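Shown next, in structure tokens, is the structure this report addresses.
Atoms considered below: every heavy atom in the structure, side chains included; atoms not considered: hydrogens, waters and symmetry mates. Here the structure is a predicted model, which means the values were calculated and not measured. Chain letters run A, B, ... following the sequence lines, proteins first and then strands; every chain starts at 1.
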Protein chains: 2
Amino acid sequence: MRWKESSMVNDLHNYKMVLTYDGTNYSGWQIQPNALSIQQLLQESLSTILRHETIVIGAGRTDAGVHAIGQVANFKTVRDLDLFRLLGSLNGLLPRDVRIKNIEKITSSFHSQYNAISKVYHYHLCLNKIQSPFKRLYSLQVIEPINLELLEEAVSFFVGTHDFTSFTNEPSTGSVTKDPIRTIFKLNIAEEQDGICLEFEGDGFLYKMVRNIVGTLLEISGGKRSVKEIPKIFAAKDRRCAGKSAAAHGLFLVRVDY
Amino acid sequence: MRWKESSMVNDLHNYKMVLTYDGTNYSGWQIQPNALSIQQLLQESLSTILRHETIVIGAGRTDAGVHAIGQVANFKTVRDLDLFRLLGSLNGLLPRDVRIKNIEKITSSFHSQYNAISKVYHYHLCLNKIQSPFKRLYSLQVIEPINLELLEEAVSFFVGTHDFTSFTNEPSTGSVTKDPIRTIFKLNIAEEQDGICLEFEGDGFLYKMVRNIVGTLLEISGGKRSVKEIPKIFAAKDRRCAGKSAAAHGLFLVRVDY
């Protein structure tokens, strides 16, 4: 029986999708009651097409209002699908604020969340006094002046391997404690029209970690906190020591690498 | 009495505004019952600030769903206003999908609609099979293949001075017939990410003229009509001879010159 089950699992085809979505109208990636999530939309659309219940696993659990340019997800099915037709059917069923960019077959052991080795997130800040209406849902307007030198100095403290407990809203109590050690490979400040973009690349990000870092960086570059506080915030391992969480709508999941 | 009235009119200060808006959630520029227009929003906000009823005149009457990067409008008031404070108050009262970019005092004879000597409209076409969710409200996706050589050939027929009766939904019957002669100075095809932009510059545009030209150009470049039909469409002076109107959401009023 055990061999039979294992054989059945191996008979499943595994599909990897790259997708983009405007998070404005969704409760985030993850399924939850009484709210429309991206995961639910995908599972319902795939279940309709495949005619069986389908579980979709996502690489990053984006929050409500967070956008994606290159989210990755995978699902398994007994069916051997024509990828071109599947892509067309899926985009035909999905609303226009969620688009599948690419679907490919992948080895059955592939898991979009566990196998990710790095993720790129961008956080867009509008530094103009008047924000373009076309950016209002895609960048956070910062009205207070920002000291770019302070921002650059502060950013350097976050690169490398750290215990990010102070920068996550993840519950640290309870039976299962998630490892809070993460490595940020790069944190660049890129200039762009109307403002700047904070480009994060790391091996993984805890719940609300990017937004909590951005919020803290804004308090420092705005002169409300000293750069010197950053090591103390890390050392405290207490979320209450870091800055406020920056708004969801400035954040984009840009890429997931395997 | 007559002198008194004239003097009062001259005592009014005239203000010119440049504004940008995302037209998605509005019924267009012009006030109409049971729908929210940009003009109504501006008049209500200004009336609140100035504490008297205020009429706002716009350069171009954009339709429902049409966007603006550089719409121009003017209003008159007896009050001599601090422009910096007015800009702040107005943007504070307006929703974030409508932004005033600039306000200046201007000669009392200035009329944003009658004094305009040229207007620039852009129409964005997405030619990708998969449209970015972030462009879905700002460019028309064209799924059928487009012949760019045919498009270029067709475009040249529209440049110059013509009777555009066939390309407007303006009622030509009734007591007041609007002059249907307009001059298009330029009509460029600009390549951009994911597609092309049709850039119109002309001395004025009739109701739905840009969208009706774009719709006709799409039918020609898509092989549904011959380029040779264009002179016949002009000659017919009949709206029914031209192509369908292209969707509102691809259109932007970019600039008005005086």
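The part of B/Leu87 that comes within reach of chain A is its side chain, from C-beta onward, which places non-hydrogen atoms under 4.5 angstrom from that chain. For B/Asp22, the parts lying near chain A are the backbone and the side chain together; criterion is any non-hydrogen pair under 4.5 Å. Contact of A/Asp97 with chain B is made through backbone and side chain together, with heavy-atom distances under 4.5 Å.
Other residues, nucleotides and ligands contribute over 12 non-hydrogen atoms within 6.0 Å of the NZ atom of B/Lys105. Atom CZ of B/Arg61 is surrounded by 12 or fewer heavy atoms from other residues, nucleotides or ligands within 6.0 Å.
Side-chain contact check for A/Gln131 and B/Arg96: at least one donor-acceptor pair (N or O, by modelled atom type) lies under 3.5 Å.
Rounded to the nearest 0.5 Å, atoms CD1 (B/Ile130) and CZ (A/Arg99) are 8.0 Å apart.
Taking the six-membered ring for Trp and thresholds of 30 and 60 degrees, A/Tyr138 and B/Phe134 have ring planes more than 60 degrees apart, a perpendicular arrangement.
Minimum interatomic distance between A/Val98 and B/Pro133 (heavy atoms only, all atoms of both residues): N-CB, 4.4 Å.
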